Amino acid sequence: MKRSVFIMSILFWGCNTLVEQSTPLKGDFYIQDGWLAFSSNKYEDADQHFDTAIETNEIRSIYHFLSYIGKGWTDMYNARTKHDSNIIQQEMINIAGINFDTALSILPELDENLYNESDKMNLYAGLSLHRAFSAKQKAA
């Protein structure tokens, strides 16, 4: 009898702890998945992960800042793969610039302890690459 009560209590207690989480995960989970997809050249997947981090977190938060940087880089690299259409390529580069500019506009509002130098370097490198590529396109 004690054995079956013990087993029943473990099953009851264990089932309550295995409830599926219905709330979204923290933003850094999606951002990390976005960078993993980016590094595997899966740019649409990366963009979706960064978008999810933006949609599920507070506006102009650290997660928005990091996601817009990721989206900017994703668009820049994705534009490189669009050799069949200069119009699509230029549009993606423009969108990348908008994403980098959005991240730059969020930066002054953030506490400096929330991001590191690497995050800022990713932003500034992306902005530099975007500006250089845009200048090259305008010169041509």
Side-chain angles (χ1 to χ4, degrees):
M1 179 68 179
K2 287 182 180 183
R3 180 181 248 168
S4 44
V5 170
F6 178 70
I7 291 173
M8 292 299 284
S9 63
I10 288 177
L11 286 174
F12 179 74
W13 187 53
C15 289
N16 286 340
T17 60
L18 296 176
V19 175
E20 184 176 336
Q21 181 180 355
S22 61
T23 58
L25 299 170
K26 287 182 63 177
D28 52 350
F29 172 81
Y30 298 111
I31 293 167
Q32 289 173 4
D33 275 1
W35 283 115
L36 286 172
F38 174 85
S39 64
S40 299
N41 299 332
K42 297 177 181 176
Y43 302 123
E44 279 119 31
D45 291 346
D47 200 44
Q48 287 177 350
H49 288 298
F50 293 130
D51 281 339
T52 302
I54 291 169
E55 293 167 4
T56 58
N57 288 280
E58 187 178 328
I59 293 173
R60 301 185 71 79
S61 67
I62 184 65
Y63 302 120
H64 278 208
F65 171 70
L66 296 173
S67 295
Y68 280 113
I69 294 170
K71 285 178 66 64
W73 278 106
T74 299
D75 291 332
M76 288 296 291
Y77 272 75
N78 201 9
R80 290 180 35 195
T81 65
K82 306 294 182 198
H83 298 293
D84 55 339
S85 173
N86 286 339
I87 295 170
I88 293 173
Q89 187 180 42
Q90 186 61 41
E91 185 176 317
M92 293 186 82
I93 291 168
N94 290 338
I95 293 170
I98 292 168
N99 288 322
F100 287 131
D101 288 338
T102 302
L104 184 63
S105 74
I106 295 171
L107 182 61
E109 301 171 18
L110 296 176
D111 180 0
E112 291 181 10
N113 296 324
L114 295 175
Y115 58 87
N116 58 40
E117 288 299 312
S118 177
D119 298 329
K120 281 178 44 176
M121 295 299 284
N122 279 334
L123 172 60
Y124 293 138
L127 283 165
S128 298
L129 180 65
H130 172 261
R131 301 299 194 263
F133 198 83
S134 292
K136 182 179 175 185
Q137 289 293 326
K138 287 178 184 178

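Computed over heavy atoms, backbone and side chain alike; hydrogens, waters and symmetry mates excluded. Just so we're clear, the structure is a prediction, and the values are computed from it rather than from any experiment.
To the nearest 0.5 angstrom, Arg80 atom CZ is 13.5 Å from Asp75 atom CG. Taken from CZ in Phe65 to CD1 in Ile31, the straight-line distance is 10.0 Å, to the nearest 0.5 Å. With rounding to the nearest 0.5 angstrom, the NZ atom of Lys42 is 9.0 Å from the NE2 atom of His49. Atom CG of Asn86 and atom CD of Gln89 lie 5.5 Å apart (nearest 0.5 Å). Separation of atoms CG (Asp101) and CD1 (Ile98) is listed at 8.0 Å; rounding is to 0.5 Å. Atom CG of Asn94 sits about 11.0 Å away from atom CG of Asn99, to the nearest 0.5 Å.
Nearest heavy-atom pair, Leu110 versus Arg60, reported as atom, atom and distance to 0.1 Å: CD2-O, 3.9 Å. In terms of heavy-atom proximity, Ala79 sits nearest to Met92 at CB-CB, 3.8 Å. The minimum heavy-atom distance linking Pro108 with Ser105 is given by the pair CD-O, 3.5 Å. Smallest separation of non-hydrogen atoms from Asn57 and Ala53: ND2-O, 2.7 Å. Nearest approach of Ala96 to Gly72, heavy atoms of both residues: CB-O, 3.4 Å. Closest approach of Ala37 and Ala46 over heavy atoms only: CB-N, 3.6 Å.
Ring orientation note: the planes of Tyr43 and Tyr77 are tilted relative to one another, at an angle of 30° to 60°. Classified by interplanar angle (parallel below 30°, tilted 30° to 60°, perpendicular above 60°), the ring pair Trp73/Phe100 is perpendicular.
Counted within 6.0 Å of CD on Glu91, heavy atoms from surrounding residues, nucleotides or ligands total 12 or fewer; the atom is thus considered open.
Looking at Glu55 and Asp51, their side chains come closer than 4.5 Å, going by heavy atoms from C-beta outward. Counting only heavy atoms from C-beta outward, the side chains of Tyr63 and Ile54 never approach each other to under 4.5 Å. Contact check for Ile93 versus Met76: side-chain heavy atoms found under the 4.5 Å cut-off. Taking the side chain as every heavy atom from C-beta outward, Tyr124 and Leu104 approach each other to under 4.5 Å.
Between the side chain of Asp119 and the main chain of Asn116, a donor-acceptor pair closer than 3.5 Å is present.
Under the 3.5 Å distance criterion, with hydrogens and angles disregarded, a donor-acceptor pair is assigned to the side chains of Thr81 and Asn78. Checked by atom type, the side-chain pair Asp28/Gln32 shows no donor-acceptor distance below 3.5 Å.
Tracing side-chain contacts under 4.5 Å through hydrophobic residues (I, L, V, M, F, W, Y), one reaches Leu107 starting from Leu127; they form part of the same cluster. Phe38 and Phe29 are not part of a single hydrophobic cluster, where members link through side-chain heavy atoms under 4.5 Å apart. By the rule that hydrophobic residues join a cluster once side-chain heavy atoms approach within less than 4.5 Å of another member, Ile106 and Leu114 end up as members of one cluster. Linking Ile, Leu, Val, Met, Phe, Trp and Tyr whenever their side-chain heavy atoms come within less than 4.5 Å puts Phe50 and Ile62 in one cluster.
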